[in-house]
There are 4 protein chains.
Amino acid sequence: MDKRKKILEAALKLFVALGFHGTPTSKIAQEAGVANGTLFHYFPTKDDLILGLYTDIKIRMTAFVNENAKPEDTFKATMKGQYLASLYWALDHKTEFSFKQQFHNSPFHLLLNQEEIEKQLKPHFDMLRKGIEDKIIKPLPVDYIHTLISSHTFGLNQYLTSNEFSTVKQHQLISDTFELLWDMIKEN
Amino acid sequence: MDKRKKILEAALKLFVALGFHGTPTSKIAQEAGVANGTLFHYFPTKDDLILGLYTDIKIRMTAFVNENAKPEDTFKATMKGQYLASLYWALDHKTEFSFKQQFHNSPFHLLLNQEEIEKQLKPHFDMLRKGIEDKIIKPLPVDYIHTLISSHTFGLNQYLTSNEFSTVKQHQLISDTFELLWDMIKEN
Amino acid sequence: MDKRKKILEAALKLFVALGFHGTPTSKIAQEAGVANGTLFHYFPTKDDLILGLYTDIKIRMTAFVNENAKPEDTFKATMKGQYLASLYWALDHKTEFSFKQQFHNSPFHLLLNQEEIEKQLKPHFDMLRKGIEDKIIKPLPVDYIHTLISSHTFGLNQYLTSNEFSTVKQHQLISDTFELLWDMIKEN
Amino acid sequence: MDKRKKILEAALKLFVALGFHGTPTSKIAQEAGVANGTLFHYFPTKDDLILGLYTDIKIRMTAFVNENAKPEDTFKATMKGQYLASLYWALDHKTEFSFKQQFHNSPFHLLLNQEEIEKQLKPHFDMLRKGIEDKIIKPLPVDYIHTLISSHTFGLNQYLTSNEFSTVKQHQLISDTFELLWDMIKEN
DNA sequence: CATGAATGAGATTTCATTCAT
DNA sequence: GATGAATGAAATCTCATTCAT
């Protein structure tokens, strides 16, 4: 019914499987079950489609994390909540996660509005700064900490994806790994 | 003189700047200063070129690490030696590192021989297993540890690259970050 | 108007003049007055074009023969009717005939569906079988007779084409040659 | 050893399998086990190679027929001798025969020297003319008779090739078919 | 909104031929 | 004679995009 949605779904699937340049718009239209020209009605350009898909995914992920990671009593608990929410989302949306990864490692990420990115990261950075001020975590540059957390998250996700664990085992690993991460950044 | 080498150099430069699909073979040939057909004399296919470049880089990196990271007295020192060698290589070969990253995040990595990969990882895995047996690091699955180290390394490298630190500061950060990593995996 | 038709016409003309491999698709598109890509819109592959052209010609020829060669009172008359229809068609469609010849003498004929061919030949073979049963023609294998008739037809056509006879003379020769053929296969 | 010969053999095999334009000179060189450039040492041009191969085959075939078809007492016997020799050669040299066919049905045949062809056909035409003068065969144009015989021969050969008969059966069929041909052209 | 035929610039690859060794 | 790296024109095919219906 909703052709725009169908196009986004088809694009996601194919981009992840074949890469951005490896996926012709015609194939996306076909997979989506719409005419070639219809795609260009919704997304005037292939770049617009890629960017639109990224935005769409980003919005949905942020909504999920915001909904599931409420502020907790302690700094550690709050941070863990966010960590868990991110990873659970990633586990439930492997294709979307893969797409994000691919997007960031491509020249397309340059098309993103830099200000916009910083605005989105601000709450997270603020939280880290607070942790440092309160001497809970080590006094390292917040973007440095953020990078370490991100790649840590990415690594774990990759590990979970390339093995076939039970849900219980997965959640166990996620929880354990957070402790590893915490060991790394907590003030001794 | 060595046209094959010139082609590889041109390909590396352009692939990193424009992406695999964003770089036409004709441009590579031009940049390398050889005729269009010459490229296909050495690499029958664009895929072959991409794969050949990856292999070439991998070999040179491994050689560098092997040469610079000799076994040390303690487990930690040996591991740090490898860690430093990897990061120093990455810092000195940013384009190559970037290419590797792009390669792994693309559908092309599927073209790699799985056995070959495992064979290359074996010494590293063996070392980790030894550390676990000797109760020096935590008894976690070695592929898990390896994934965490890799993404950690990647994260640090990204951080170093996106900031413009002095060499001294860079080496300081690398050394400090190793300690963070060590905190994470060492047996308490 | 009908671009597909224009492409087929151009392809026929050029293939006969220059051979399959001697004719670039670009030249066909140009001769047809369509864009390069349009050709590939209708025929995804050059092979598809060659095959499509063959099929197109085959259909039109069969239609002509079926329309012009009605069953007659005697076996000989019926057979002559078909013989004449085939040859008249060939004389009126020299380029098409030439193309068919070229096609059969090329590796492309292997792309034809064998079953399809047999299905098309069946009525003809049935007729020959009937003639044998009724002791009108010699009791030879029908595919053998068919091959002889075909090459005979081909030979005559070649002779008519390489000389410049008047229409009257041509029809005379065709008629006479049928008698030669008939002498060859009729039961004595 | 004899590289020229090896090239001709490889060319024959590949041209028949893939067509003239479908066979790259590099593939011929490879199949012949010589370097790419060597081919062009012996045949300055691909066309020269094709023509050279044709000439080579033609010479060998003519030699065979001349050796095996001696003049006999009667016209019919002489003619039959030639007919048999031609067909036996074709059966023993299917690839060569196929090549000749392909050559004649290609634009390359235009490269042949017309005079040369006529000179080669003259003895045959003379024989036919003699047969007509002596009222042994029908008073038809000799090139017409020749065309009919040629395509008849071609048809039979095709039939023999597409079926798998025993040698005895093959020779039987060849002999029988000559009688059919003779019925066709003999003066009643 | 939706379609899909049409476009043409451009991408990858092929290949006959040359020539320094 | 023999080699095979090198060439570059040309061939097939792709694909984002447009537009009349």
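Just so we're on the same page: letters track the sequence lines, and every chain starts at 1.
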Heavy atom of residues 28-35 of chain B under 4.0 Å from DNA chain F: which residues?
B/Val34, B/Ala35
My understanding is that only residues two or more places apart in sequence, or in another chain, count here; which of them pass ring pair (Phe, Tyr, Trp, His ring centres under 6.0 Å) with C/Phe43?
none
Under 4.0 Å, counting only non-hydrogen atoms across every strand here, what does D/Phe43 touch: a base, just sugar-phosphate, or nothing?
nothing
Taking only residues two or more places apart in sequence, or in another chain, which ones meet B/His109 in a ring pair (Phe, Tyr, Trp, His ring centres under 6.0 Å)?
none
Heavy-atom side-chain proximity of B/Leu112 to B/Phe103 below 4.5 angstrom:
yes
Could you work out, with salt bridge (Lys or Arg N to Asp or Glu O under 4.0 Å) as the rule, every residue matching D/Lys13, not counting sequence neighbours?
D/Glu31
Taking only the side-chain nitrogens and oxygens of A/His41, find out if one of them lies under 4.0 Å from OP1 or OP2 of E/dC1.
no
Whole angstroms only, please: what is the NZ-C1' distance between B/Lys6 and F/dA5?
15 Å
Quantified in whole Å, what is the P atom distance between nucleotide F/dT21 and nucleotide E/dC1?
23 Å
Look at C/Asp2 together with C/Lys6 and state whether they make a salt bridge at an N to O cut-off of under 4.0 Å.
no
Whole Å only: how far is the CG atom of B/Leu49 from the C1' atom of E/dA11?
14 Å
If you count heavy atoms of other groups shown closer than 6.0 angstrom to NZ of D/Lys5, is the number above 12?
no
Can the ring centroids of A/Tyr54 and A/His104 be said to lie less than 6.0 angstrom from one another?
yes
Length of the line joining D/Asp48:CG and E/dA16:P, which is rounded to integer Å:
13 Å
Heavy-atom count check: over 12 atoms from other residues, nucleotides or ligands less than 6.0 Å from D/Gln30 CD?
no
What is the separation between atom OH on B/Tyr42 and atom C1' on F/dA6, rounded to the nearest whole Å?
8 Å
So, do A/Glu9 and A/Leu12 sit near enough that their side-chain heavy atoms are less than 4.5 Å apart?
no
Does A/Lys27 make a side-chain N or O approach to OP1 or OP2 of F/dT14 shorter than 4.0 Å?
no
Euclidean distance, atom CD1 of residue A/Ile7 to atom P of E/dC1 [Å, nearest integer]
12 Å
If the sugar-phosphate is the primed atoms plus P, OP1 and OP2 and the base is the rest, what is the B/S/- string for nucleotides 15-21 of chain F, using protein heavy atoms under 4.0 Å?
SBBB---
After noting the C-alpha distance and the side-chain angles of A/His21 and B/Phe20, does the key distance pass the side chain to side chain contact (heavy atoms under 4.5 Å, CB included) rule?
CA-CA 8 Å; A/His21 289 272; B/Phe20 296 131; over 6 Å; no
Annotated structure of DNA chain E as dot-bracket, pair cut-off 3.5 Å, Watson-Crick or G-U only, | for inter-strand, is .||||||||||||||||||||
Are side-chain heavy atoms of A/Met61 and A/Lys100 found at a separation under 4.5 Å?
yes
Here the distance between atom C1' of F/dA2 and atom CG of D/Asp2, to the nearest Å, is 14 Å
